[in-house]
Every structure is written in C-alpha cells, then in structure tokens.
Amino acid sequence: MFSSKKYRVFILVMLVIAAAGCRSKKEGTVLARFDSATITKEEFVDKLRGLPRDIQSIAYRHKKDFVEEMVNERFLMAEAKKRHIDNLPDVKALLKAAYEKIIAAKLIEIEVDRKIKLEPDEASKYYESHKEEFMAPLLLRASHILMTTEEDANAVKTQLDIGADFEALAKSRSTDNTATRGGDIGYFQKGQLIPEFEEQAYKLSKGQMSPVFKTQFGYHIIKLTDRIEPALKDFKIVKPRLEKQILNEKRSRTLKALVGKIKGNARVQIDEKILESISAPSPVK
C-alpha cells in the first residue's frame, strides 16, 4: 500500500501524464470549489478514465486524494502560467514534441486501431493450421554428481553400478551446489544447459545413468529422473496470447500500409556518414 506522501506524488505524476488526453468541462455538477474555480464531477470522471486501467482502480479507491491532486494541479498550472513557464525554450520543445505525437497517435487510432478487428473464429483457425507453434517442448529432469577428477568420478560410478543410491552419493560426494538436493537440477529443455551436459542427458531414458563425462566444470554422472514428451498446448490456454498476437500483426501491417500510402513516392535520403558520427548520449548522473 502507498504511504500518503508517496501516493500523492504518484497520483500527481499520473495526472500530468493523463492531462493531454482529457477534455476540460466548464459545466457540470460541481465536485470541488477553490478560490474562484471549480472541478466538476464530469472533469473528475474524465480524468479518471484517462488513466491506465490498473491505475484507475487505485485512484478510485483514493478518490478524495485524486480530487485533491486535481486541485493541486490547477494551482501549479496557474503559478506556472503566471511565471510564463510555457515560454521557456525547453518547455516549448517538449510541448511541440507532445503535440506532434498526440495528433499522429490520433491519426493511427482513426485509420488503424478502429479498423482492425478479430473475427470470431480467427484465433482457432490459426491454431488449427499452425499447431507446431503451440507444442510444449520436450522437458527433461535430471540429477547429477560432479567430481573434480576422473578417478573420483569413476569410483563413484562403480558404486552406482553395484546398486548404491544416487541421491545419497550426490549428497555425500558431489562437489556441485546441487548436492544438498541429492544432485537434482530440475526440469530443463534444449538450449538451457551446456551442450556436453545436454548431449548426454538427451540420450537417456527415464531412470538411466550416463557414463562419466567431462565438461569445463569437472567430471559428471547424470541420472535422468523424468522425461515429459512434447505435447500440444490447449487452445484455451494459448487463446488470449494468440488473439493479442494476431491483432498486433494486423496493426503492424495496417500501419505500414498507411505510412506507405502517405509517403507515396517520396524519397528518403539518410547521410550514413553523419549518422555514423553521432555518438551515444552520456548517461544521466
């Protein structure tokens, strides 16, 4: 939960961010009065709706704080105008950049976001025709014993071959930090561990042990404790992510087409030498 001070600063920042997208309503039900000014219920609701959805719920639970920050914003804005802060060069540059981004974003909303939609069975059709994309990978689970020398590793392997308990030997002999877990390294899939280790592990069936083999860490013995074969993920699980993916792809294509149409035959020439001469900005201290 926010402390009162942190919460107020947080809401003030969010109000400033949201202000560009909110309409000011001169008339309506008066919610708050101060000096000769007012804040209406309609303005409050408008501001609230302009916040990101997850922030809306926080602001709604602290409605009084939210109103007070709206009042604070008005006083700050009035003082800033009195001092002609809006005429400072850096502020003008920021306002110009914000203005350009806002109207460009509105164009994208009108010509792209409002026009793309997901057909009722579009996600399921994609799923059925691209099932290979929704296969859960082969998962292996293994335990291992790591020894510093090949001689010690061979001695441990001899004990295992005549029936010694793998977990007990891992706890008492392994030099790896997994020893406390009986050598268990958990589940993994291809590409997550070093190649030499995976090469041995993927040869094994459940319950089998590898021969002694060497890696950069020392000499290993692996026991495969579980093997989960690849399986198709359920459509209900992948549906939300798939729908978002399809909409994002549609948006990208539609936006690209819009930009191409607007640009027409315009030629864009970039001076590569000048571009190369531009160095990365120094980190802010």
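Everything quoted here is computed from the prediction, not taken from an experiment.
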Let me see the working for Y219 and D152 under side chain to side chain donor-acceptor pair (under 3.5 Å), right down to the final yes or no.
CA-CA 9 Å; Y219 294 86; D152 287 342; over 6 Å; no

Taking NZ in K244 as the centre, count heavy atoms belonging to other residues, nucleotides or ligands within less than 6.0 Å. Is the count above 12?
no

Taking only residues two or more places apart in sequence or in another chain, which ones pass ring pair (Phe, Tyr, Trp, His ring centres under 6.0 Å) with H130?
Y126

Between atom CZ of F217 and atom CG of D176, what is the distance when rounded to the nearest 0.5 Å?
9.0 Å

Salt bridge between E79 and K82, side-chain N to carboxylate O under 4.0 Å?
yes

We want to know whether T215 and H220 form a side-chain donor-acceptor pair, criterion being a heavy-atom distance below 3.5 angstrom.
yes

Cation-pi between K63 and F44: NZ/CZ under 6.0 Å from ring centre and within 45° of the ring axis?
no

Would you say the side chain of K92 lies within less than 4.5 Å of the side chain of N87, judging by non-hydrogen atoms?
yes

Spacing of CZ belonging to R173 relative to CE belonging to M147, to within rounding of 0.5 Å:
4.0 Å

Could you state the interatomic distance from CD1 (I85) to CG (D90), rounded to the nearest 0.5 Å?
9.0 Å

Heavy atoms, side chains only, cut-off 4.5 Å: are F66 and L51 in contact?
yes

Below 30° counts as parallel, above 60° as perpendicular, anything between as tilted: where do the rings of F134 and Y127 land?
tilted

Given E272 and L275, is the side chain to side chain contact (heavy atoms under 4.5 Å, CB included) satisfied, shown in steps?
CA-CA 5 Å; E272 298 290 346; L275 185 63; 3.9 Å; yes

Specify whether F34 and F75 have parallel, tilted or perpendicular ring planes, treating 30° as the upper limit for parallel and 60° as the lower limit for perpendicular.
tilted

Would you check, one step at a time, whether the test side chain to side chain contact (heavy atoms under 4.5 Å, CB included) holds for L224 with Q208?
CA-CA 6 Å; L224 194 70; Q208 279 190 318; 5.6 Å; no

Backbone of N154 reached by a side-chain donor or acceptor of T158 within 3.5 Å
yes

Answer yes when R74 and E43 have at least one side-chain N-carboxylate O distance shorter than 4.0 Å, and no when they do not.
yes

Side chain proximity check, M209 to L204, heavy atoms < 4.5 angstrom
no

What distance separates K250 NZ from K117 NZ, expressed to the nearest 0.5 Å?
8.5 Å

Side chain to side chain contact (heavy atoms under 4.5 Å, CB included) evaluation trace for F235 with L242
CA-CA 9 Å; F235 175 66; L242 179 54; 4.3 Å; yes

Are the side chain of T175 and the backbone of L146 linked by a donor-acceptor contact shorter than 3.5 Å?
yes

Heavy-atom side-chain proximity of I222 to F213 below 4.5 angstrom:
yes

Mind running side chain to side chain contact (heavy atoms under 4.5 Å, CB included) on V67 and K64 for me, showing each step along the way?
CA-CA 5 Å; V67 175; K64 187 175 180 180; 5.7 Å; no

Identify whether the distance between the nearest side-chain nitrogen and carboxylate oxygen of E69 and K47 falls below 4.0 Å.
no

So do I221 and F166 actually touch side chain to side chain, heavy atoms under 4.5 Å?
yes

In a check of salt bridge (charged side-chain N to carboxylate O under 4.0 Å, His left out) between E109 and each of K115, R114, R251, which one passes?
R114

